[in-house]
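Here is the structure we will look at.
Both counts, for ligands and for their atoms, begin at 1 and track the order of listing. Computed from a prediction, not measured in an experiment: that's the story for all the values here. Atoms considered below: every heavy atom in the structure, side chains included; atoms not considered: hydrogens, waters and symmetry mates.
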Amino acid sequence: MSELTARVALVTGGTRGIGLATARALAQAGATVVVTGRDADRAEAVAKEFGGHGLGLDVADFDAVGATVKQVTAAHGGLDVLVANAGIMESGLLGMLRADDVRRTLDVNVAGAVAAVQAAGRAMARKRRSADGTERRGGSIVLLASVVGTYGAAGQSVYAASKAAVAALARSAARELGGRGIRVNAVAPGVIRTDLTASLPADVLDRQAAAAALGRLGDPDEVADVIRFLAGDAARYVTGQVLGVDGGLVP
Ligand code: NAD
């Protein structure tokens, strides 16, 4: 038996990058995995690769997030793991920011995560019978913070603020939900090679690689492995933590 056998996992924004690597890692560990993406067809196609399921969801739509969690819970008999991964990074110096850009980042990165935690918390609090016949209550929620939420980054004020909010959400939700057996943690990646960071100038990426103790950028599966650990029973006494996955970055 693998560590996540008979568990149901939901990964938002799971069609590429860290989300896709996480979905694969959770599926490899035995979980039934549902990924969401803004495009339902793409999400379904991507999920086929690891034997999972795909759904369309824009996490900026607060009510739709709740409805999707309910749908997944009903279809698979419960929810054991949530990875609220969907996020956007829009760069811009403070003087250039427009209200719409600020709201969009906060809607996706913060409100989207709040909606997912709220709905998953309700679903995980219920007693249910897993596919292997065991009775379960509780679950594990993992959020995607970022090193910039702690250190800040010029040209990324709103993104950094949104990720600091995500870290605070993890710590706060852990306190509210711990009594129901629900753990809530966040990972705070450094610079990971994905589409999100592909647009950063080469000299910025080189500086970030040099600033890491390991002297290189990270890969999505290096974040996914830590998320899989937090999702499973090996981390059963870990909650309210924001775990750096940054190669020892000192900006
Ligand atoms: P990515 O751009 O490759 O993937 C992001 C995913 O989120 C995509 O599948 C995208 O479609 C989805 N998404 C974006 N907006 C959405 C919305 N409104 N509704 C539904 N899905 C939406 O990025 P990534 O690098 O894999 O990042 C994943 C998470 O990790 C993000 O929350 C990001 O902020 C965080 N993160 C990334 C890095 C990094 O260096 N790559 C560092 C720290 C934190």
Side-chain angles (χ1 to χ4, degrees), residues 10-25 34-47 54-69 82-91 101 103-117 141-153 156 158-167 169-170 186-200 204-205 207-209 211-212 216-224 226-227 230 242-247 249 251:
L10 172 64
V11 182
T12 66
T15 55
R16 65 179 200 218
I18 294 169
L20 176 56
T22 300
R24 285 186 183 130
V34 182
V35 291
T36 70
R38 275 169 294 186
D39 183 307
D41 291 341
R42 185 166 150 65
E44 274 172 37
V46 166
L55 293 172
L57 171 68
D58 180 347
V59 301
D61 183 341
F62 197 94
D63 294 338
V65 176
T68 300
V69 170
L82 165 73
V83 183
N85 163 81
I88 52 172
M89 180 183 77
E90 280 172 330
S91 301
D101 302 330
R103 285 194 199 104
R104 179 79 192 154
T105 299
L106 297 179
D107 276 351
V108 174
N109 293 3
V110 183
V114 171
V117 171
I141 297 174
V142 184
L143 308 182
L144 269 291
S146 168
V147 287
V148 301
T150 303
Y151 299 119
Q156 290 182 356
V158 181
Y159 177 70
S162 76
K163 292 299 175 178
V166 166
L169 171 63
V187 289
V191 181
I192 310 300
R193 272 185 287 251
T194 66
D195 290 352
L196 187 102
T197 50
S199 60
L200 292 173
V204 171
L205 293 175
R207 270 203 309 276
Q208 293 296 320
R216 63 174 178 83
L217 304 179
D219 286 320
D221 58 349
E222 294 177 307
V223 181
V226 178
I227 295 174
L230 290 170
V242 179
L243 189 49
V245 189
D246 58 11
L249 192 68

Flag, side chain of Thr105 to backbone of Asp101, donor-acceptor distance under 3.5 Å: yes
Measure from every N or O atom of ligand 1 to the protein's N or O atoms and keep only the pairs below 3.5 Å, writing each with atom names and distance to 0.1 Å.
from, atom 1, to, atom 2, distance (Å)
ligand 1, 2 (O), Arg16, NE, 3.4
ligand 1, 2 (O), Arg16, NH2, 2.7
ligand 1, 3 (O), Arg16, NE, 3.1
ligand 1, 9 (O), Gly13, O, 3.3
ligand 1, 9 (O), Thr15, OG1, 3.2
ligand 1, 11 (O), Arg38, NH2, 3.2
ligand 1, 18 (N), Asp58, OD1, 2.8
ligand 1, 19 (N), Val59, N, 2.9
ligand 1, 25 (O), Thr194, OG1, 2.5
ligand 1, 26 (O), Ile18, N, 2.8
ligand 1, 32 (O), Asn85, O, 2.8
ligand 1, 32 (O), Lys163, NZ, 2.9
ligand 1, 34 (O), Tyr159, OH, 2.6
ligand 1, 34 (O), Lys163, NZ, 3.1
ligand 1, 40 (O), Gly190, O, 3.2
ligand 1, 40 (O), Ile192, N, 2.7
ligand 1, 40 (O), Ile192, O, 3.4
ligand 1, 41 (N), Ile192, O, 3.3
ligand 1, 41 (N), Thr194, OG1, 3.2

Judged by atom type as modelled, is there a donor-acceptor pair below 3.5 Å linking the side chain of Thr197 to the main-chain atoms of Val191? no
What verdict does the salt bridge (Lys or Arg N to Asp or Glu O under 4.0 Å) test give for Asp58 and Arg38, after you've listed the backbone C-alpha separation in whole Å, the side-chain angles of each residue and the deciding distance to 0.1 Å? CA-CA 5 Å; Asp58 180 347; Arg38 275 169 294 186; 6.0 Å; no
Go through the structure and list residues passing side chain to side chain donor-acceptor pair (under 3.5 Å) with Asn85, not counting sequence neighbours. none
Give me the one residue out of Arg207, Gln208, Met89 that meets side chain to side chain contact (heavy atoms under 4.5 Å, CB included) with Leu200. Met89
Can you find a pair of side-chain heavy atoms, one from Leu57 and one from Val65, that are under 4.5 Å apart? yes
